[in-house]
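So the structure is just underneath, and the comments pick up after that.
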2 protein chains.
Amino acid sequence: MHDAQFLKREARLKIACSSCNLRQLCLPVGLDPEDIEQLDAALNLRQRVQTGQHLYRAGDIFRSLYAIRSGVFKLYRLNADGREQVMGFYLPGDLMGLGAIGTGRFALHAVALEDSHICEAPFSLLEELAQKIPSLQRQIHRVLSAEILQDWQAMMMLGSMLAEGRLAVFLLDLSERLQRRGFSPTHLHLSMSREEIGNYLGMKLETVSRTFSKLQKDGLIAVDRRVLTIQDMPGLKRLAGCAGESHLGMAEA
Amino acid sequence: MHDAQFLKREARLKIACSSCNLRQLCLPVGLDPEDIEQLDAALNLRQRVQTGQHLYRAGDIFRSLYAIRSGVFKLYRLNADGREQVMGFYLPGDLMGLGAIGTGRFALHAVALEDSHICEAPFSLLEELAQKIPSLQRQIHRVLSAEILQDWQAMMMLGSMLAEGRLAVFLLDLSERLQRRGFSPTHLHLSMSREEIGNYLGMKLETVSRTFSKLQKDGLIAVDRRVLTIQDMPGLKRLAGCAGESHLGMAEA
DNA sequence: CGGTTCATTGAGGGGGTTCAACGAAAGTGG
DNA sequence: CCACTTTCGTTGAACCCCCTCAATGAACCG
C-alpha cells in the first residue's frame, strides 16, 4: 500500500495464491501446494477498486468474501440520521465480509481509501472446498476468530481508554499489521483522514489533531501531514498499556 | 435464567441437543435429527458452574467451546494495571470461546453471574464432525459471524453514543435476546451489577444509576433493584436509533 | 444487629466536544 | 503561472457530559 512500486510489481506478477506474497496472511495459510491450487481455481475473480469506490454496500446480498491484495479499505455504517461510523480499516491480506456470513447480507459499507486490488472468494465455493480440505476449514475458523479478537481490542479501547491511549493503541496496531505485511513498523503512511481516525476511535477530528500534536511534543512520534514516524515505541506501548485509562482513577474491585 | 423453576426443570430432563429447548439458537440449528445425534455424542460433557466461579481464564489453553444451557456469563479481561474490562454478557444458547480458536488460548476470563449449566464442545471433535456434516460447518460459520456482528454493535455504541443511547441499546439488545429464548421482552432481570453494566458500556456505575433514574422519570422504564421493566419500547428504540449520538451535533459530510 | 455489598443522589472538576478562525496543500480554469 | 476554490489539518476558547469524590440508604448475611 501507499507504495506505487509495490502496486506495479504486483500487477506484473501472475496473480495466484501460490505466488502471492500475502499467502502467509490470507486464506492459504497452512495449506499444501496442491490445495492452494484448488483454492486458486475457486477465487480467480480479481478486481480493481479505485480510491473512493465502494466494493459493496450495507444491505447488499452476500455472496463472496473479499481478500485485499493491495490497498486499504474502510468499513463503516450509516446510522439512522445518516452519520458515518467507521468500524475498521483493512489492509492487504485481510478478509472483508466476515460479518455477513450469518445474515446473508453485508452489514457495512466497504470503500477503498487507496487504489486497491481485491480477490473475490465466492463463499459457497469456499464452503464446498473447506468440506474437502480440513486445513482450509481450519484457516476459515482462524480468520473469523481473529476478526473477533480485533473487534475486542477496539471495544477495549473505546470502553476504557482516553484519547491518548486510544491513539497509541491505534498506531501500534497499525504498525504491527504493517510490519507483518513487510512494511516498516515505524514509518507509516496514513491512508485515512483525521476525521476517519477519530470516527473509528470515538473522538472528533480536532481531538485527533490535538493528540497527535501532544504526542509529537512529547517526542513519541513525528507527524507530517499523512506521514507518521514512531520515534519512541516503548513510550507508545506504555501509553497503550496502562496509562490514561478511565480518568486516572485507581479504584475498582 | 434467573428462574429457579427453569433450572430445576432442565435438570430433570435428559440433557441432549435433540431434546434441548435451545436447539434453535445453539449449534444444532439447521441439522437433521440424525446429525444432531452425532453432535450429541461429541459434546456430552456437561458441567455446572456456580455463581462467581470461572469457567475458564484468559491464557488457558483452548480445547473446547462452551454452550450455555442455563444461566448467565460475563466475559472480561484484566488490563495491565489489573482493572477489569467487561467484553460481553452471554445467555443460554450462546457459545463462549470463539475468540480463542485462532490463537489456541482464551483471550478473556469467563465467570458465571448466576448458577449455570454449560455444555462443553471439544473443538477438535467439532471440526472433525463439521468435516462430515456440511450444515454443522455452516452453523459454525454463522455463529462466528454473529459474534462479529454483536461486537460491531458494541463498538457502534461505544464509539458514537451518549450514556442514554448506550443504555437504551443495551436494554433493547438484552430484551431481544431474552425474547428469542422464550422470556419476556419487557420484564428483565439484570444478573449483572450497575458497575458491570457501566464497565461494558464504557461508563461509571454512578452514570448508569443516574441514567436509569432519568429513563424512569421519563416513563421509558421502571427499575426496582435488579428487576427492570420496559414501559415504552418505541421510545427506547428512538433513543437507541438516532438521538443522543455524539454531543447533539448535526454536522458532518 | 453490625458488617458488607450494592444502589442512589449531590457537588465539583476535567477531558473532549463544539464553534470558530486560520493556514497549507492540491486541483481547476483562465 | 497564478488567482480561485476546495479540502484537510491545526489551534484557540467556551461549554457540557461524564467522571470523581462523598454521603446516605436499602438489602443481604453471618
Side-chain angles (χ1 to χ4, degrees), chain A residues 51-52 74 83-85 113-114 157-168 170 189-217 221-228 239 243-253, chain B residues 51-52 74 83-86 113-114 157-168 189-217 221-228 239 243-253:
Chain A
T51 307
K74 170 181 77 172
R83 300 223 320 290
E84 187 174 315
Q85 164 88 10
L113 296 183
E114 299 180 1
M157 265 186 354
L158 294 169
S160 73
M161 301 188 83
L162 272 53
E164 245 179 76
R166 293 187 195 186
L167 217 41
F170 171 73
H189 172 87
L190 306 174
S191 340
M192 62 297 282
S193 69
R194 303 290 194 264
E195 176 162 14
E196 288 167 326
I197 296 175
N199 192 315
Y200 175 61
L201 297 177
M203 51 210 238
K204 294 284 126 179
L205 74 164
E206 296 95 327
T207 309
V208 175
S209 186
R210 267 186 264 269
T211 310
F212 270 152
S213 299
K214 183 179 185 313
L215 293 180
Q216 185 164 33
K217 189 171 61 63
I221 61 174
V223 205
D224 176 33
R225 306 186 46 70
R226 293 204 174 181
V227 175
L228 190 145
L239 273 186
E245 303 186 16
S246 182
H247 293 234
L248 315 166
M250 305 284 291
E252 210 127 341
Chain B
T51 306
K74 171 181 78 172
R83 299 222 321 290
E84 187 175 316
Q85 164 87 10
V86 177
L113 296 181
E114 298 180 3
M157 267 186 351
L158 294 169
S160 73
M161 300 186 85
L162 272 51
E164 243 178 80
R166 293 187 195 186
L167 216 42
H189 173 87
L190 306 174
S191 339
M192 62 296 282
S193 69
R194 305 289 194 264
E195 175 162 14
E196 287 166 327
I197 296 174
N199 192 314
Y200 175 61
L201 297 177
M203 52 210 237
K204 292 287 126 178
L205 74 164
E206 295 96 326
T207 308
V208 175
S209 187
R210 267 185 263 269
T211 309
F212 270 152
S213 299
K214 182 178 185 314
L215 294 180
Q216 184 164 35
K217 189 172 61 65
I221 61 173
V223 205
D224 177 34
R225 304 186 48 71
R226 293 206 175 179
V227 175
L228 190 145
L239 272 186
E245 302 188 17
S246 185
H247 293 237
L248 315 166
M250 305 282 291
E252 210 127 342

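Keep in mind the model is a prediction, meaning the values are calculated, not measured. Letters A, B, ... are given to chains in the order of the sequence lines, protein chains preceding strands, and every chain is numbered from 1. Values reported hereafter were calculated over all heavy atoms of this structure, with side chains retained and with hydrogens, waters and symmetry mates removed.
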When rounded to whole Å, the CG to P distance for the pair Leu201(B) and dC17(D) reads 18 Å
Using a 4.0 Å heavy-atom cut-off, does Arg226(A) contact any base of the nucleic acid, only the sugar-phosphate backbone, or nothing at all? sugar-phosphate
Per atom distances to the Arg210(A) side chain, the nearest of dC18(D), dT11(D), dA27(D) is dT11(D)
ask   = Has Thr207(B) got a side-chain N or O lying under 4.0 Å from the OP1 or OP2 atom of dC17(D)?
value = no
Arg194(B) CZ to dA27(D) P, in whole Å, measures 13 Å
message = Just to be sure I understand the rule, does Gly198(B) reach a base, reach only the sugar-phosphate, or reach nothing, if contact means heavy atoms closer than 4.0 Å?
response = nothing
Checking Ser209(B) side chain against Leu205(B) main chain: does a donor-acceptor pair fall under 3.5 Å?
-> no
message = Under 3.5 Å, is there any donor-acceptor pair linking the side chain of Glu206(A) to the base of dC19(C)?
response = yes
Practice task
Evaluate the criterion side chain to side chain contact (heavy atoms under 4.5 Å, CB included) for residue pair Met192(B) and Val86(B); output intermediate values, then yes/no.
Solution key: CA-CA 11 Å; Met192(B) 62 296 282; Val86(B) 177; over 6 Å; no
Q | Below 4.0 Å: OP1/OP2 of dT7(D) and any side-chain N or O of Ser193(A) | A | no
Atom CD1 of Ile221(A) and atom C1' of dG9(D) are separated, to the nearest Å, by 14 Å
Nearest heavy-atom contact between Ala163(A) and Thr211(A) is CB-OG1, 3.9 Å
inquiry  = Using only atom types and a distance under 3.5 Å, with no angle test, would you say the side chain of Arg166(B) pairs donor to acceptor with the backbone of Met161(B)?
reply    = yes
Separation of dG15(C) atom P from Leu167(A) atom CG, nearest Å, is 17 Å
Per nearest nucleotide of DNA chain D, the residue lying toward the 5' end, Met203(B) or Arg225(A), is Arg225(A)
For this session: Begin from the C-alpha positions of Ser191(B) and Arg226(B) and carry the test side chain to side chain contact (heavy atoms under 4.5 Å, CB included) through to its verdict.
Result: CA-CA 7 Å; Ser191(B) 339; Arg226(B) 293 206 175 179; 5.7 Å; no
- Query: Which part of the nucleic acid, if any, lies within contact of Ser209(A), taking any heavy atom under 4.0 Å across all strands shown: a base, the sugar-phosphate backbone alone, or nothing?
  - Reply: base
Quick note, Lys204(A) side chain, CB onward, closest among dG9(D), dT20(D), dT18(C) is dT18(C)
Rounded to whole Å, CG of Leu205(B) lies from P of dA22(D) at a distance of 15 Å
